[in-house]
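Computed from a predicted structure; not experimentally measured.
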Amino acid sequence: MSFSLQHHRAVVCILSVSDGLISVATLAQPFTSGDTSTYEGIFEILSLSGSYVVITNSDGSRDTRGSLRVSFAALDSRLIGGKVAGRLIAASPVEVSL
């Protein structure tokens with residue numbers, strides 16, 4: 001997102017993520033309106049994908065559209081995933097290919 005906000009109009013697509021860990025993930029609950037769940041701990045990223053479009057309007061305001069989806073594994077082997085609806089914080093270096 002930081003990269004896209006530095007340009008007047010940009011499309012950023014995350015194609016792949018190699019090994020990495022996350023410490024916080026806030027995900028949307030698929031069957032409830034506006035509810036989220038936040039996971040905190042150390043989780044291994046299994047996949048991360050999505051895209052964003054940032055458009056600068058004639059008045060200088062910016063509209064952001066898009067979404068990210070992530071799946072990750074907890075240390076106890078639980079698999080968790082969904083649409084990112086808030087913070088997604090890395091706990092180690094994460095290599096993202098745009």
Side-chain angles (χ1 to χ4, degrees):
M1 284 301 297
S2 296
F3 171 79
S4 67
L5 293 176
Q6 295 172 11
H7 299 82
H8 293 291
R9 181 178 176 146
V11 176
V12 178
C13 294
I14 297 176
L15 301 176
S16 65
V17 173
S18 60
D19 293 328
L21 302 173
I22 56 176
S23 61
V24 177
T26 301
L27 306 180
Q29 292 298 306
F31 301 109
T32 58
S33 177
D35 288 344
T36 62
S37 293
T38 299
Y39 301 89
E40 296 183 1
I42 299 298
F43 306 100
E44 181 180 357
I45 297 172
L46 301 175
S47 70
L48 176 64
S49 63
S51 63
Y52 274 94
V53 177
V54 178
I55 299 170
T56 302
N57 300 311
S58 59
D59 65 358
S61 64
R62 292 189 174 167
D63 289 329
T64 303
R65 296 185 187 118
S67 65
L68 289 174
R69 293 198 167 276
V70 65
S71 61
F72 49 91
L75 296 177
D76 64 3
S77 300
R78 287 181 299 137
L79 300 179
I80 305 164
K83 182 178 177 182
V84 177
R87 299 184 308 156
L88 183 64
I89 300 175
S92 72
V94 177
E95 184 176 332
V96 178
S97 299
L98 299 175

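- In terms of hydrophobic clustering, with Ile, Leu, Val, Met, Phe, Trp and Tyr side chains grouped at heavy-atom distances under 4.5 Å, F72 and V24 are assigned to different clusters.
- Residue pairs satisfying the salt bridge (Lys or Arg N to Asp or Glu O under 4.0 Å) criterion with at least one member in residues 66-79, sequence neighbours excluded, are listed as follows: D76-R78.
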Identify all side-chain donor-acceptor contacts of residues 35-43 below 3.5 Å with residues at least two apart in sequence or on another chain.
{"unit_1": "D35", "atom_1": "OD2", "unit_2": "T32", "atom_2": "OG1", "d": "3.4"}
{"unit_1": "S37", "atom_1": "OG", "unit_2": "Q29", "atom_2": "NE2", "d": "2.5"}
{"unit_1": "T38", "atom_1": "OG1", "unit_2": "T26", "atom_2": "OG1", "d": "3.0"}

Please step through side-chain contact (heavy atoms from CB on, under 4.5 Å) for the pair V70 and L27, ending with a clear verdict. CA-CA 9 Å; V70 65; L27 306 180; 3.7 Å; yes
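- Annotation: side-chain hydrogen bond (donor to acceptor under 3.5 Å, both in side chains) contacts of S47 (sequence neighbours excluded): S71.
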Can you give the donor-acceptor pairs under 3.5 Å from side chains of residues 83-93 to other protein atoms, not counting sequence neighbours?
{"unit_1": "S92", "atom_1": "OG", "unit_2": "L21", "atom_2": "N", "d": "2.9"}

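- Sequence neighbours left out, not one pair with a member in residues 23-34 passes salt bridge (Lys or Arg N to Asp or Glu O under 4.0 Å).
- Residues passing the side chain to side chain contact (heavy atoms under 4.5 Å, CB included) test with L75: none are found, sequence neighbours excluded.
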